[in-house]
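Comments concern the structure below.
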Amino acid sequence: MRWQPVIGLELHVQLATESKLFSAAATRYGAEANTQACAVDLGLPGVLPVINTEALRMAVMFGLAVNAEIAHRSVFARKNYFYPDLPKGYQISQFELPIVRHGELYIDTEDGGRKRIGITRAHLEEDAGKSVHEGFAEYSGIDLNRAGTPLLEIVSEPVLCSAAEAVACMKKIHSLIRCLGISDGNMQEGSLRCDANVSVRQIDDTALGTRTEIKNINSFRFIEHAIDHEIDRQIDQLEAGRAIIQETRLYDPEHDETRPMRGKEEADDYRYFPDPDLLPVIITEAYIGKIRETLPELPEQKKQRFIEAFALSDYDSSALTANKDIADYFEQTMAALNGRPKLAANWIMGELTAALNKDHLDIADSRVSGQALAGLLNRISDNTISSKIAKQVFDAMWQGAGSADAIIQAQGLTQLTDSGAIERLVDEVIAECASQVTQYRCATDDKKAKLIGYFIGQVMRKSQGKADPTQVNALLRQKLAPPA
């Protein structure tokens with residue numbers, strides 16, 4: 001049988017507000033347990049929630065960025081369930097009348113195409129607290145610092161057909177929320193969490209299969225692994241003649257498997273009803289218009305600008321604009337660089353990214369600024385140093401040895417461009433490698449290409465890497481040509 005996966009995502013984005021959705025309590029990450037929960041968060045008798053208008057603004061920003069409908073009237077509801085870290089016994093959320101509906105975004109697919117992903121809705125809700133199991137023996141601790149933290153839950157249409165597409169969709173949203181400044185998107189701190197609804201059906205079926213929900217996945221890599229595992233598990237179940245149970249499952253990264261958590265609830269199980277303590281939210285066209293004027297350049301717009309302004313490829317522009325900090329770094333580099341945007345793109349995505357990954361740093365914490373990198377690349381462009389020497393200089397810059405110019409001068413790394421001196425080195429190598437010269441002159445074009453690399457390497461060794469490779473290449477080909 002041929003099977004088709006069908007995947008929909010529910011993303012919980014923690015909004016970057018200073019206070020909670022319905023109280024003035026702080027939302028700072030890492031505070032001591034239960035020091036950021038006030039009477040409203042604890043659900044004490046007599047308290048009343050008051051909506052955080054900054055969270056409303058951020059929700060509208062997101063809606064505008066995905067070309068969605070912004071509801072002029074939206075309603076908060078009580079979602080009723082009982083869990084130790086939910087002190088009120090209900091969660092304030094939105095159900096029938098969310099603030100954002102019917103948006104869209106586009107992802108790049110593995111075959112090089114683009115795919116539209118519908119955004120069914122995005123609604124505001126408060127977060128629950130957190131149960132803590134470590135260090136309590138047979139008990140569990142409850143930390144209510146997160147209780148009441150503002151979340152924007154973004155629900156995609158079930159149109160994703162692979163784990164790779166699901167990751168691409170989530171990365172697109174991650175890039176967008178960071179660009180808008182409505183969330184830091186830090187998955188390790190829980191600022192972005194993913195629930196994936198996964199089902200499979202035979203390739204020609206139109207009806208959706210029974211779905212399972214994989215809960216609270218907190219990295220792109222785990223999302224891909226969890227979805228792939230769940231797809232394989234469901235196919236194995238169906239091909240063995242067993243039914244899929246609709247349930248919530250957890251992903252165990254240590255064993256790379258999903259495990260049952262609980263039966264999957266439906267909306268009726270939560271007994272939604274409008275929260276009597278909160279009035280409907282009324283949003284005017286004038287308010288929406290003011291927020292629209294504040295929207296920054298969005299990732300897709302920035303990508304197109306990079307293609308047009310810097311003559312970069314679609315691939316390079318996509319890579320540079322997927323992360324706001326990387327895009328900003330590229331523009332800082334270009335502001336101090338004498339042209340050559342492709343060279344800057346290659347170094348940022350190559351040497352710089354490798355150094356950041358090695359030291360587990362974000363680009364915002366780079367030890368070499370965009371302006372400093374431009375100083376190095378300008379020395380490549382004006383032939384002061386070769387690309388090979390530039391890597392040596394970059395390593396020294398990364399270790400804090402100073403600017404590119406200071407390192408080049410201190411270590412005597414200026415590229416040898418004197419044609420007479422380079423010619424003498426070429427002549428020495430040819431004289432020392434008589435057998436290779438004979439091989440080269442008798443070789444096919446393919447073998448000549450490999451042998452010329454050997455000669456260039458010998459010249460560069462003699463010059464301690466300082467000879468201009470372009471001049472070396474040209475001189476070698478001239479002098480190695482068979483006599484007329």
Side-chain angles (χ1 to χ4, degrees), residues 7-17 20-22 27 51-77 79 91-107 116-128 148-160 166 168-185 187 190-197 213 215-217 223 267 270 272 274-275 278 280-283 285 287-288 291-292 294-296 298-300:
I7 303 156
L9 299 181
E10 299 173 11
L11 304 180
H12 297 83
V13 175
Q14 179 177 330
L15 297 177
T17 57
K20 295 185 179 178
L21 188 54
F22 300 110
T27 58
I51 184 67
N52 185 335
T53 55
E54 181 67 1
L56 286 176
R57 184 189 69 83
M58 291 178 174
V60 173
M61 282 188 78
F62 176 80
L64 292 174
V66 295
N67 299 314
E69 298 174 13
I70 309 299
H72 288 171
R73 181 179 185 272
S74 60
V75 173
F76 283 101
K79 180 181 180 181
Q91 176 188 28
I92 302 177
S93 183
Q94 293 184 312
F95 181 52
E96 293 180 320
L97 297 172
I99 194 168
V100 172
R101 291 175 292 187
H102 311 313
E104 63 179 7
L105 54 82
Y106 290 83
I107 63 170
R116 177 188 180 276
I117 307 299
I119 302 298
T120 305
R121 59 188 281 148
H123 63 263
L124 287 165
E125 67 180 20
E126 61 178 350
D127 204 352
T149 297
L151 302 178
L152 183 67
E153 180 172 347
I154 302 164
V155 182
S156 82
E157 293 177 3
V159 294
L160 300 161
C169 179
M170 190 170 178
K171 285 184 175 180
K172 184 72 71 169
I173 291 174
H174 181 264
S175 174
L176 186 58
I177 61 176
R178 284 176 51 82
C179 172
L180 294 171
I182 64 175
S183 176
D184 62 18
M187 299 179 76
S191 297
L192 178 61
R193 290 167 278 165
C194 174
D195 299 344
N197 292 295
E213 179 187 46
K215 197 78 172 169
N216 284 341
I217 321 170
I223 290 163
Y270 291 118
Y272 283 97
D275 192 303
L278 288 161
V281 177
I282 306 301
I283 295 177
E285 277 297 329
Y287 178 78
I288 295 171
I291 293 177
R292 193 188 303 275
T294 68
L295 288 178
L298 301 178
E300 283 292 325

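What you are looking at is a predicted structure, and each value in this text was computed from that prediction instead of being measured.
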Measuring from [X]:[atom1] to [Y]:[atom2], what's the distance to the nearest 0.5 Å?
X      : Y      : atom1 : atom2 : value
Met61  : Leu176 : CE    : CG    : 9.0 Å
Gln14  : Leu152 : CD    : CG    : 12.0 Å
Glu153 : Gln94  : CD    : CD    : 10.5 Å
Glu126 : Leu151 : CD    : CG    : 9.0 Å
Lys20  : Thr27  : NZ    : OG1   : 8.0 Å
Ile182 : Ile177 : CD1   : CD1   : 6.0 Å

Report yes if the side chains of [X] and [Y] come closer than 4.5 Å at any heavy-atom pair, otherwise no.
X      : Y      : result
Pro296 : Cys179 : yes
Arg57  : Ile291 : yes
Ser183 : Leu192 : no
Ser156 : Met170 : no
Leu278 : Val75  : no
Arg193 : Asp127 : yes
Leu180 : Leu298 : yes
Leu124 : Leu15  : yes

Heavy-atom closest pair, residues [X] and [Y]:
X      : Y      : result
Met58  : Gly181 : CE-O, 4.4 Å
Ile70  : Gly63  : CD1-CA, 3.7 Å
Pro98  : Ala122 : CB-O, 4.1 Å
Leu9   : Ala196 : CD2-CB, 4.0 Å
Pro150 : Ala55  : CB-CB, 4.3 Å
Ile7   : Ala166 : CG2-CB, 4.3 Å

**Prompt:** Run the salt bridge (charged side-chain N to carboxylate O under 4.0 Å, His left out) check on Glu10 and Lys215 step by step: do they pass?
**Reply:** CA-CA 9 Å; Glu10 299 173 11; Lys215 197 78 172 169; 5.5 Å; no
**Request:** May I ask you to check whether Phe95 and Phe76 place their ring centers less than 6.0 Å from one another?
**Result:** no
**Prompt:** Side chain of Ser175, backbone of Lys172: donor and acceptor closer than 3.5 Å?
**Reply:** no
**Asked** Got a donor-acceptor contact below 3.5 angstrom from the Arg121 side chain to the Val155 backbone?
**Response** no
**Prompt:** When you look at His102 and Thr120, which way does the side chain to side chain contact (heavy atoms under 4.5 Å, CB included) test go after all the steps?
**Reply:** CA-CA 5 Å; His102 311 313; Thr120 305; 5.7 Å; no
**Message:** Under the criterion side chain to side chain contact (heavy atoms under 4.5 Å, CB included), I'd like the reasoning laid out for Ile107 against Lys171: C-alpha separation, chi angles, the key distance, then a yes or no.
**Reply:** CA-CA 9 Å; Ile107 63 170; Lys171 285 184 175 180; over 6 Å; no
**Asked** Cation over ring, Lys79 on Tyr272, under 6.0 Å and within 45°?
**Response** no
**Message:** Could you go through Leu21 and Thr149, starting from their C-alpha distance and side-chain angles, then the distance that decides it, and tell me whether this counts as side chain to side chain contact (heavy atoms under 4.5 Å, CB included)?
**Reply:** CA-CA 6 Å; Leu21 188 54; Thr149 297; over 6 Å; no
**Asked** Would the number of heavy atoms belonging to other residues, nucleotides or ligands and lying under 6.0 Å from CZ of Arg116 be above 12?
**Response** yes
